[in-house]
Amino acid sequence: MRDLGNTVIVVEHDPAMMVAADYVIDIGPGAGLEGGKVMAKGTVAEIKKSKNSLTGDYLSGRLKIECAKDIKQDKRKINQ
């Protein structure tokens with residue numbers, strides 16, 4: 001669609017999708033009533049540099065989501 005000259009708007013939280021985007025608009029600072037303001041806009045490189053963007057903090061590595069260290073394996077067997 002984009003290659004035909006159309007504008008495509010996607011609401012996405014996946015970092016790979018954001019990195020592939022031509023332009024990002026970070027709306028926040030939270031969800032629902034806590035959101036609705038443009039926190040940052042531009043290329044991913046510009047978003048990463050933004051001091052107002054929580055998305056930029058995660059994309060740049062300033063903030064990280066820690067994975068659980070003790071993930072229990074499900075040892076039940078599935079009946080086939």
Side-chain angles (χ1 to χ4, degrees):
M1 288 178 62
R2 183 203 63 157
D3 293 343
L4 295 173
N6 296 296
T7 298
V8 179
I9 298 174
V10 178
V11 176
E12 184 58 67
H13 294 96
D14 179 58
M17 287 288 287
M18 287 186 265
V19 169
D22 296 327
Y23 196 82
V24 176
I25 301 171
D26 182 13
I27 299 175
L33 296 175
E34 302 297 321
K37 297 178 184 159
V38 175
M39 304 307 293
K41 59 184 177 178
T43 64
V44 170
E46 293 168 327
I47 299 294
K48 286 180 179 181
K49 292 177 187 174
S50 174
K51 302 296 181 196
N52 297 324
S53 173
L54 189 59
T55 300
D57 288 339
Y58 283 101
L59 288 173
S60 69
R62 290 188 298 270
L63 290 177
K64 294 181 181 174
I65 297 173
E66 296 295 328
C67 294
K69 293 178 182 167
D70 295 328
I71 298 174
K72 295 181 181 181
Q73 297 294 322
D74 188 350
K75 303 215 187 237
R76 295 178 290 175
K77 294 184 179 183
I78 298 173
N79 294 331
Q80 294 181 10

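Positions are given from 1, in the same order as the sequence printed here.
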Without swapping roles, check the side chain of E34 against the backbone of A31 for a donor-acceptor pair under 3.5 Å. no

Locate the shortest heavy-atom distance separating L63 from Y58; write the atom from each residue and the value. O-CD2, 3.4 Å

Are L54 and I65 co-members of a hydrophobic cluster defined by side-chain heavy atoms under 4.5 Å apart? yes

Taking C-beta and beyond as the side chain, do P15 and L59 meet within less than 4.5 Å on heavy atoms? yes

Calculate, to the nearest 0.5 Å, the distance between atoms CG and CD belonging to D26 and E46 respectively. 13.0 Å

Distance in Å, D57 CG paired with K51 NZ, rounded so as to fall on 0.5 Å steps: 8.0 Å

Mind listing the closest non-hydrogen atom pair of T55 and M18 along with its distance? CG2-SD, 3.7 Å

Correct closest heavy-atom pair for S53 and I47 would be OG-CG2, 3.7 Å

Using the rule that two of Ile, Leu, Val, Met, Phe, Trp, Tyr join whenever any of their side-chain heavy atoms come within less than 4.5 Å, decide whether V24 and V38 are in one cluster. no

Looking at R62 and S50, what are the two nearest heavy atoms and their distance? NH2-O, 3.2 Å

Looking at every non-hydrogen atom in both residues, tell me the closest pair between M39 and P29 and how far apart they are. SD-N, 3.8 Å

